[in-house]
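Read the structure below first, then the notes.
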Amino acid sequence: MPYPHAGPTGLGRIAQQAATVLYQHRLVSTRQLHQLITPHHTRAEYLRRQLHTLREAGLADTVGRRVTGQTELLWWLTERGAQAVESVGLLPQRPYRMSPEAALGPLQEHTLATAEAGLAFVDWARRLGHECGPLDWSPEIAHHYRDDARPGEDLALIPDAVLNYVHTGQSERTLLTFFIEVDRTQMTIARLAQKIHAYAAYHRFTPQPSGRGPRPARRISSTPAWRSRYAAFPRLLLVLTGASDARLTRRIADLRSLAAADPALAASSVRAGVTTLAQLRAQGPFAPVFTPVLGPAEQADAWLRTHASA
């Protein structure tokens, strides 16, 4: 989707775009920035010069990451860079600030893997003539809810990303929204299944009037909380990485077994599918690369339609 540039003024167009992408996604590698912003350039030298302009101006900084024997630079905005983007006022403000310690910390790989999943959608949108740009997914947006299984607790569902995508057919355009969860096999399979359970709880959560004040409200709401954000409840797509293909295949099977044993999921209309990051990058989200979390294990696309019904 086209966006006005929300980057700091006084910089070149590519540098401004890079600043907005770094603000939105917090930590991004040079390779990822090249594929997101300048895919039409065969080499990344021009982008690198623009990035170094940001660093020389005190707007961005880097850490190194060893990849296959070479050092790859990871970029983020400094406080000054974040304030410069915010001063333009075109992007929703995000309170999170990256630091050298956080950039080198345990969440580094997860942040990069989430960006890689978003990049796969952007790359395939270009190939297929659809629309999905570098700012069309937002990381870690809180969705507040309550769960009958945990009475009295105020809970927050925080997807790794909420991604918007325009699927363009011969005669129609369809706006799709996906919840993206990236799993690097760092959590137990039970915890991953619990995250899916949280989506089912959020789907059925219907907030009620507090009843406070001189005239307590008597009307009971029947509108789920998600309706205030989404026209339709987004598909949940789980993207697995960080292990061998064989181990990820076993993990998908274990996840399906746990999900099938959860009565809340069985009673929910939440649609969820799971794939690997390698499959998503190689074949794209609209190839049959997703295994439904519930029901028959027949491969489906990001709509969670099987090949026969697509």
For residues [X] and [Y], report the shortest heavy-atom separation together with the two atoms involved.
| X | Y | result |
| --- | --- | --- |
| Pro139 | His25 | CD-ND1, 4.0 Å |
| Ala18 | Leu51 | CB-CD2, 3.8 Å |
| Tyr23 | Gln93 | OH-CA, 3.2 Å |
| Tyr145 | Ala201 | CE1-CB, 3.6 Å |
| Val289 | Thr275 | O-OG1, 2.8 Å |
| Ala161 | Thr114 | CB-CG2, 4.2 Å |

Over 60° means perpendicular and under 30° means parallel, so classify the ring planes of His130 and His167, tilted if in between.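 Answer is tilted, since the angle falls between 30° and 60°.
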Where does the angle between the aromatic ring planes of Trp75 and His52 fall among parallel (under 30°), tilted (30 to 60°) and perpendicular (over 60°)?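 If you compare the ring of Trp75 with that of His52, the planes turn out perpendicular.
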Give the C-alpha distance, both sets of side-chain angles, the deciding distance and a yes or no for salt bridge (charged side-chain N to carboxylate O under 4.0 Å, His left out) between Arg305 and Glu298. CA-CA 9 Å; Arg305 306 172 302 182; Glu298 187 174 352; over 6 Å; no
Does the side chain of [X] reach to within under 4.5 Å of the side chain of [Y], using non-hydrogen atoms?
| X | Y | answer |
| --- | --- | --- |
| Arg150 | Leu155 | yes |
| His203 | Phe205 | no |
| Tyr165 | Cys132 | yes |
| Ile37 | Ile14 | yes |
| Leu11 | Leu54 | yes |
| Leu77 | Val85 | yes |
| Glu140 | Arg26 | yes |
| Thr177 | Leu163 | no |

Under a 4.0 Å N-O cut-off, is there an ion pair linking Asp254 with Arg250?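 The answer is no: the pair does not qualify as a salt bridge.
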Joint cluster assignment, [X] & [Y], ILVMFWY side-chain distance < 4.5 Å:
| X | Y | value |
| --- | --- | --- |
| Leu258 | Leu248 | yes |
| Val270 | Leu237 | no |
| Leu119 | Leu107 | no |
| Val293 | Phe178 | no |
| Phe290 | Ile189 | no |

If you count heavy atoms of other groups shown closer than 6.0 angstrom to CZ of Arg43, is the number above 12?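 Not buried by this count: 12 neighbours or fewer within 6.0 Å.
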Check the surroundings of atom CD in Gln70: do more than 12 heavy atoms from other residues, nucleotides or ligands lie under 6.0 Å from it?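 No - once you tally the heavy atoms of other residues, nucleotides and ligands closer than 6.0 Å, there are 12 at most.
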Rounded at 0.5 Å granularity, tell me how far [atom1] in [X] sits from [atom2] in [Y].
| X | Y | atom1 | atom2 | result |
| --- | --- | --- | --- | --- |
| Met98 | Leu27 | CE | CG | 4.5 Å |
| Asp245 | Arg247 | CG | CZ | 12.5 Å |
| Tyr199 | Leu238 | OH | CG | 7.5 Å |
| Ser269 | Leu294 | OG | CG | 11.0 Å |
| Trp226 | Leu157 | CH2 | CG | 14.0 Å |
| Leu255 | Leu240 | CG | CG | 7.5 Å |

With a 3.5 Å distance limit and no angle check, can you tell me whether [X] reaches the backbone of [Y] through a side-chain donor-acceptor pair?
| X | Y | result |
| --- | --- | --- |
| Arg256 | Ala260 | no |
| His34 | Ser29 | no |
| Arg235 | Ala302 | no |

Set of side-chain hydrogen bond (donor to acceptor under 3.5 Å, both in side chains) partners for Thr78, sequence neighbours left out: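 For Thr78, no residue satisfies side-chain hydrogen bond (donor to acceptor under 3.5 Å, both in side chains) once neighbours in sequence are set aside.
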Which residues satisfy the side-chain contact (heavy atoms from CB on, under 4.5 Å) test with Thr42, sequence neighbours excluded?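 Here no residue qualifies.
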Pairwise salt bridge (Lys or Arg N to Asp or Glu O under 4.0 Å) hits with a residue in residues 160-188, at least two apart: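 Sorted result for residues 160-188: Glu131-Arg173, Glu181-Lys195, Asp183-Arg251.
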Mind checking whether Phe179 and Tyr230 have ring centres under 6.0 Å apart?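 Yes, the ring centres sit under 6.0 Å apart.
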I'd like to know if the side chain of Glu72 pairs up with that of Thr30 as donor and acceptor (distance under 3.5 Å, no hydrogens or angles considered).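 The answer is no; no qualifying pair exists.
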Pair Thr62-Arg55, side-chain hydrogen bond (donor to acceptor under 3.5 Å, both in side chains): steps then yes or no: CA-CA 8 Å; Thr62 62; Arg55 186 164 62 181; 2.8 Å; yes
Between Arg204 and Asp147, is a salt bridge (charged side-chain N to carboxylate O under 4.0 Å, His left out) present by the stated rule, with each step listed? CA-CA 9 Å; Arg204 65 175 178 267; Asp147 187 349; 3.2 Å; yes
Please name the residue in the list Glu86, Glu79, Arg80 that meets the side-chain hydrogen bond (donor to acceptor under 3.5 Å, both in side chains) test with Gln83.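 Going through the options one by one, the only one that passes is Glu79.
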Pick out which of His144, His143, His197 makes a ring pair (Phe, Tyr, Trp, His ring centres under 6.0 Å) with Tyr202.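 Answer to the ring pair (Phe, Tyr, Trp, His ring centres under 6.0 Å) test with Tyr202 among His144, His143, His197: His143.
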